[in-house]
Amino acid sequence: DALPYLVDHAELMAPMALANGAVAAVSYGALEAINGGPAKLLDRASNMLPRFAPIWLKAAGPAAVVGAGIGLATALIAPYTYATLTELHF
């Protein structure tokens, strides 16, 4: 198991955590800038929500839709920055 090793050596995970945080922050910032702020972003997300969402997602609201989209973008984009940030970190 890698978990005990990673707990003792958290610095190995730091570049990945920084990359994930940076990509998520830039994604949120870009979406808010494009849509004119967080309130308008949530309004647009709520307009998209009824068309395709299951009931549990409708109950969670538009913030869940935006958060899921940001999570997906982070998962797809951030790994491309891991190698560079690891080299800079060490």
Checklist entry - Is Thr81 reaching over with its side chain to a backbone N or O of Ala78, donor-acceptor style, under 3.5 angstrom? => result yes
Next on the checklist: Please find the pair of heavy atoms, one from Leu31 and one from Asn35, that lie closest to each other, and give the distance.
Outcome noted: O-ND2, 2.8 Å
Checklist entry - Do you know the tightest heavy-atom contact between Val66 and Ala45? => result CG2-CB, 3.6 Å
Checklist entry - Of all heavy-atom pairs between Pro15 and Leu85, which one has the smallest distance, and what is that distance? => result O-CD1, 3.7 Å
Checklist outcome for this item: What one should report as the nearest heavy-atom pair of Arg44 and Ile34 is NH1-O, 4.4 Å
Next on the checklist: I'd like to know if Val23 and Met16 are part of one continuous hydrophobic network [Ile/Leu/Val/Met/Phe/Trp/Tyr, side-chain heavy atoms within less than 4.5 Å].
Outcome noted: no
Next on the checklist: With rounding to the nearest 0.5 angstrom, report the CG to CE distance, Leu18 to Met13.
Outcome noted: 11.5 Å
Item to check | Euclidean distance, Ile77 CD1 relative to Asn20 CG, rounded to 0.5 Å | outcome: 11.0 Å
Checklist outcome for this item: For Phe90 and Glu11, the nearest pair of non-hydrogen atoms, with its separation, is CZ-O, 3.7 Å
